[in-house]
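Structure, as structure tokens:
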Amino acid sequence: MLVLVAPGQGAQTPGFLTPWLDLPGVEDRLRAWSDAIDLDLVHYGTKADEEEIRDTAVAQPLLVASALLSARQLFATTDAVAAQVGAVAGHSVGELAAAALAGTLADETAMALVRRRGQAMAEAAAVTETGMAALLGGDEAVVLPHLEQLGLTAANVNGAGQIVAAGTAEQIAALVENKPEGTRRVVPLKVAGAFHTHHMAPAVSALESATAQLAVADPHTRYVSNKDGQPVSSGQELVRRLVGQVANPVRWDLCMETFKELGVTAIVEAAPGGTLTGLAKRALPGVRTLALKTPDDLDAARTLIADTTSAAAAAGSAPAE
């Protein structure tokens with residue numbers, strides 16, 4: 001079974017969209033989205049520096065656009081996703097790309113919503129100086145109480161020995177100086193706020209208003225939620241979770257547990273890929289993984305998809321329910 005995933009904030013690097021614009025129709029689509037959301041995605045994806053694309057209001061639309069553009073090279077329509085993909089999921093903001101790939105949101109709707117999400121989270125982050133840091137290694141039973149003692153939130157529980165803490169700048173600094181026993185490293189992240197914590201409560205309210213009249217459909221492909229790693233079959237419930245997730249922890253560890261329970265054999269990560277396939281290699285040994293980083297990866301991805309689809313057909317099981 002194939003799982004299609006979309007990365008979250010922090011995966012972007014300067015110029016990462018440049019090679020994708022050489023593909024037919026990609027630049028036109030990106031410019032159309034840019035006009036629709038009043039943000040020059042072409043500039044930010046090709047010429048902007050690291051500081052510019054760190055801005056939450058820029059990074060989030062850029063990442064969803066990249067995930068959709070790259071995934072659509074493999075699955076041009078939602079029907080293609082439904083026919084060949086067993087489950088979709090996204091990490092944090094990647095959930096919006098996953099919602100579009102699953103058919104709950106139109107691509108254009110996902111872009112408009114992520115633009116509002118990025119703006120609202122940037123506004124919430126500006127209230128207090130906050131940040132995030134990744135803890136590598138360590139036992140959850142030791143790490144989680146340590147974070148709580150410092151007033152930090154385990155904002156991302158990613159599995160494979162990785163937890164991301166979030167809180168004020170002072171709390172993050174204290175964590176760097178006083179890491180939990182058994183943790184190899186504490187790495188401050190290049191993000192502009194304490195996402196998936198109570199600091200983002202104002203953004204939840206903004207998104208509740210933005211989604212009140214949104215046209216949604218039930219997902220045609222199994223959608224695995226960051227909230228608890230469970231599949232969601234209702235479009236309305238999916239959007240409700242997208243809104244609430246802004247101020248609640250991402251449980252990517254539980255998402256990967258669900259992939260395993262569903263019988264995942266291959267994972268393809270949309271651009272800018274690498275983070276989620278890296279976690280999968282450690283948490284899901286034996287599962288084939290492929291990260292879309294540049295268009296040069298597309299042929300290998302197509303081969304992996306064909307192999308997985310053929311294996312599913314040979315076993316007499318459909319790739320999706």
Side-chain angles (χ1 to χ4, degrees), residues 2-9 11-12 16-17 20-46 57-85 87-119 207 210-211 213-226 232 234-236 238-239 241-243 245 268-273 292 295 298 301 305 320:
L2 176 68
V3 174
L4 178 61
V5 298
Q9 199 162 338
Q12 73 277 10
F16 76 101
L17 274 182
W20 294 96
L21 268 60
D22 291 334
L23 299 179
V26 167
E27 184 171 351
D28 289 342
R29 181 175 296 185
L30 199 60
R31 291 195 183 280
W33 288 344
S34 296
D35 291 342
I37 67 173
D38 192 27
L39 184 71
D40 190 346
L41 295 166
V42 174
H43 165 74
Y44 286 112
T46 60
V58 170
Q60 293 193 11
L62 199 57
L63 285 163
V64 171
S66 174
L68 291 176
L69 289 171
S70 58
R72 294 301 183 202
Q73 297 299 313
L74 301 173
F75 310 99
T77 65
T78 52
D79 287 343
V81 177
Q84 296 180 291
V85 177
V88 298
H91 189 286
S92 187
V93 70
E95 285 207 292
L96 276 81
L101 293 167
T104 291
L105 303 176
D107 288 1
E108 295 76 13
T109 303
M111 289 305 304
L113 185 56
V114 74
R115 174 63 163 151
R116 185 67 193 103
R117 184 186 193 269
Q119 290 171 326
L207 287 177
T211 58
Q213 304 299 322
L214 207 62
V216 302
D218 292 339
H220 55 57
T221 300
R222 190 186 288 108
Y223 178 97
V224 180
S225 169
N226 281 183
V232 179
S234 161
Q236 293 291 343
L238 193 162
V239 171
R241 287 178 174 230
L242 286 178
V243 171
Q245 201 62 50
V268 171
E269 182 179 0
L292 292 177
L298 288 170
I305 293 164

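All residue numbers refer to positions in the sequence shown, counting from 1.
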Side chain to side chain, [X] and [Y], heavy atoms closer than 4.5 Å:
X	Y	result
V81	V88	yes
T78	L101	no
V232	V224	no
W20	T46	no
D218	T104	no
L207	L242	no
V268	L2	yes
V85	I305	no

Check against side-chain hydrogen bond (donor to acceptor under 3.5 Å, both in side chains), Q12 and Y44: CA-CA 10 Å; Q12 73 277 10; Y44 286 112; over 6 Å; no
If I compare all heavy atoms of [X] with all of [Y], which pair ends up nearest, and what's the gap?
X	Y	result
A270	P7	O-CD, 3.4 Å
R241	S225	NH1-OG, 3.0 Å
A11	P272	O-CG, 3.6 Å
R116	A210	CG-CB, 4.1 Å
Y223	A99	CE1-N, 3.7 Å

Side chain to side chain contact (heavy atoms under 4.5 Å, CB included) partners for A217, two or more places apart: none
Residues at least two apart in sequence or cross-chain that pass side chain to side chain contact (heavy atoms under 4.5 Å, CB included) with T109, listed by chain then number, are L105, A106, L214
Which distance, rounded to the nearest 0.5 Å, do you find between the CG of L39 and the OG of S34? 6.5 Å
Judged by atom type as modelled, is there a donor-acceptor pair below 3.5 Å linking the side chain of R115 to the main-chain atoms of V58? no
Determine whether L17 and V26 satisfy the following criterion, side-chain contact (heavy atoms from CB on, under 4.5 Å), listing intermediate values before the conclusion. CA-CA 10 Å; L17 274 182; V26 167; over 6 Å; no
Quick one: ring-ring contact (aromatic ring centres under 6.0 Å, His included) pairs with a partner in residues 90-112, sequence neighbours left out? H91-W252
Chi angles and distances behind the side-chain contact (heavy atoms from CB on, under 4.5 Å) call for L298, L292: CA-CA 7 Å; L298 288 170; L292 292 177; 4.0 Å; yes
Using the test side-chain hydrogen bond (donor to acceptor under 3.5 Å, both in side chains), find all partners of Q119 that sit at least two apart in sequence or belong to another chain. none
Contact list for residues 20-33, test salt bridge (Lys or Arg N to Asp or Glu O under 4.0 Å), sequence neighbours left out: E27-R31
Donor-acceptor pairs are to be reported for all side-chain atoms of residues 60-73 against protein atoms at under 3.5 Å, with residues two or more places apart or in another chain.
| unit_1 | atom_1 | unit_2 | atom_2 | d |
| --- | --- | --- | --- | --- |
| Q60 | OE1 | R117 | NH1 | 2.9 |
| Q60 | OE1 | G118 | N | 3.4 |
| Q60 | NE2 | Q9 | OE1 | 3.0 |
| S66 | OG | A271 | O | 3.0 |
| S70 | OG | S66 | O | 2.9 |
| S70 | OG | A67 | O | 3.1 |
| S70 | OG | A271 | N | 3.0 |
| R72 | NE | D107 | OD2 | 3.2 |
| R72 | NH2 | D107 | OD1 | 2.9 |

